[in-house]
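Naming convention: chains lettered A, B, ... in sequence-line order (proteins, then strands); numbering from 1 in each chain.
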There are 2 protein chains.
Amino acid sequence: MQEAQKYSRYSFLLDRTARRVKQYAKQRFRELGWSITVDQWTVLKQLFDRGELNQRELADLTFKDHPTMTRIIDLLSTKELIIRKAHPDDRRSFKIALTQSGQQLVEECLPEVQSIRMKAWENLSESDFKEFKRILDSIYDNLSL
Amino acid sequence: MQEAQKYSRYSFLLDRTARRVKQYAKQRFRELGWSITVDQWTVLKQLFDRGELNQRELADLTFKDHPTMTRIIDLLSTKELIIRKAHPDDRRSFKIALTQSGQQLVEECLPEVQSIRMKAWENLSESDFKEFKRILDSIYDNLSL
DNA sequence: TTACATTTGTTGTTATACTAATTATTTTAA
DNA sequence: TTAAAATAATTAGTATAACAACAAATGTAA
């Protein structure tokens with residue numbers, strides 16, 4: 001393979017694998033009868049770990065843009081897993097909080113999510129993880145603005 | 001970090017990095033004034049490399065599903081970069097072919113695409129590429145159906 | 001040959017991704 | 001203090017991504 005073409009191939013493999021990982025988790029969520037998506041889960045988990053956050057903070061933590069976060073928040077609100085509370089110090093902003101059923105859902109799903117996530121890494125060693133993380137971070141930094 | 005949480009973190013980094021790579025390419029395409037997306041490019045490039053293909057073959061090669069491919073083909077047809085030609089042996093199917101302007105576009109864009117792709121891999125070594133590919137393939141296989 | 005299964009492609013629906021533009025509010029600077 | 005700049009969130013438009021259901025054509029087995 002030509003030198004230059006090789007890099008396109010790696011980018012393709014990265015994209016393909018990331019899609020597969022997401023697809024697998026999505027499918028397992030469905031099979032388990034959970035009515036949330038993987039991206040919605042990520043938001044719930046952040047709120048579970050860190051407590052109330054505004055939408056900008058959630059967007060930054062999950063590396064999503066603001067319009068996307070608005071819509072994920074809308075969907076989670078409709079399902080009554082979170083609520084937008086008025087921000088005490090800033091009327092432009094909301095405090096997003098888990099509802100009781102949101103809290104309960106995270107607690108129930110957490111072990112299963114972890115086993116879904118583990119599946120991808122079967123047969124890989126501790127040093128593989130380190131290498132992988134290092135390379136991913138390097139790629140990410142190369143493309144930072 | 002807890003053992004189980006680690007795997008979620010790796011999945012997150014993978015997703016984040018893949019999104020960044022796509023985002024970077026998309027932005028460069030825009031800056032260069034190209035009116036195609038990265039996924040559309042991938043289809044054009046396959047046709048350029050392999051000649052006429054049907055939609056199933058294109059979907060298989062790019063690891064996209066058939067409805068997604070239908071829509072990408074629709075968009076490229078509208079832009080007159082490709083055409084659906086009747087398949088001589090199978091009336092269910094089309095032969096997808098580059099038009100002259102499609103062919104020309106690929107030839108013009110190819111060097112620039114390769115430099116966009118290379119950007120991600122700066123400061124990484126040949127053995128990093130090999131390791132990375134091995135780990136990606138392993139993850140992909142772990143989640144195969 | 002007929003009935004059934006498979007294949008190819010399309011349509012519909014929901015969700016995420018990114019861009020641009022907009023509103024409301026808050027911050028900063030003259 | 002007032003005007004301009006910046007920020008938080010939303011809305012609108014277009015493009016992927018995945019899934020289900022479907023139509024038309026082809027293949028296969030009795």
field: Phosphate-side-chain proximity, B:R19 and C:dA17, N/O vs OP1/OP2 below 4.0 Å
entry: yes
- prompt: Closer to the 5' end of DNA chain C via nearest nucleotide, is it B:K26 or B:K95?
  reply: B:K95
query: So, is B:R30 near the phosphate of C:dA20, with a side-chain N or O under 4.0 Å from OP1 or OP2?
result: yes
message: Can you identify which nucleotide, out of D:dT10, C:dG9, D:dA8, has its nearest atom closest to the A:S93 side chain?
response: D:dA8
message: Taking the nucleotide of DNA chain C with the nearest heavy atom to each, does A:K79 or A:F63 sit closer to the 5' end?
response: A:K79
A:T70 side-chain N/O to D:dT10 phosphate OP1/OP2 under 4.0 Å: yes
- request: Between B:T68 and A:D74, name the one whose nearest nucleotide on DNA chain D is closer to the 5' end.
  value: A:D74
- request: For the pair B:R84 and B:D74, find out whether any cationic side-chain nitrogen is under 4.0 Å from an anionic carboxylate oxygen.
  value: yes
task: Ignoring backbone atoms, test whether A:K64 places a side-chain nitrogen or oxygen under 4.0 Å from the OP1 or OP2 oxygen of C:dA17.
output: yes
message: Assess whether a salt bridge exists between A:R16 and B:D137, defined as any Lys/Arg side-chain N lying under 4.0 Å from an Asp/Glu carboxylate O.
response: yes
Ring centroid separation B:F132 to A:Y10 under 6.0 Å: no
message: D:dA17, OP1 or OP2 - any side-chain N/O from B:K22 closer than 4.0 Å?
response: yes
- prompt: How would you label the contact of A:I72 with the nucleic acid (heavy atoms, under 4.0 Å): base, sugar-phosphate, or nothing?
  reply: sugar-phosphate
query: Under 3.5 Å, is there a donor-acceptor pair between the A:D39 and A:T42 side chains?
result: no
query: For B:R117 and B:Q114, does a side-chain donor sit closer than 3.5 Å to a side-chain acceptor?
result: no
- prompt: Given atom CD1 of A:I73 and atom P of D:dA8, what is their separation to the nearest angstrom?
  reply: 15 Å
query: Can a donor-acceptor pair under 3.5 Å be found between the side-chain atoms of A:R92 and the base atoms of D:dT7?
result: yes
message: It should be established whether B:R16 places a side-chain nitrogen or oxygen under 4.0 Å from OP1 or OP2 of nucleotide C:dA17.
response: no
message: Rounded to whole Å, please give me the gap between CD in A:E57 and C1' in D:dA9.
response: 14 Å
message: Tell me whether B:E57 is salt-bridged to B:R50, with the criterion being a basic N under 4.0 Å from an acidic carboxylate O.
response: no
task: Take the protein atom CG of A:D65 and the nucleotide atom P of D:dG13, then report the distance between them rounded to whole Å.
output: 18 Å
Close approaches to DNA chain D from residues 32-52 of chain A, in residue order (heavy atom, under 4.0 Å): none
task: Answer yes or no: does a side-chain N or O of B:R71 lie under 4.0 Å from OP1 or OP2 of C:dT13?
output: no
query: Any salt bridge between A:K6 and B:E126, counting N to O under 4.0 Å?
result: yes
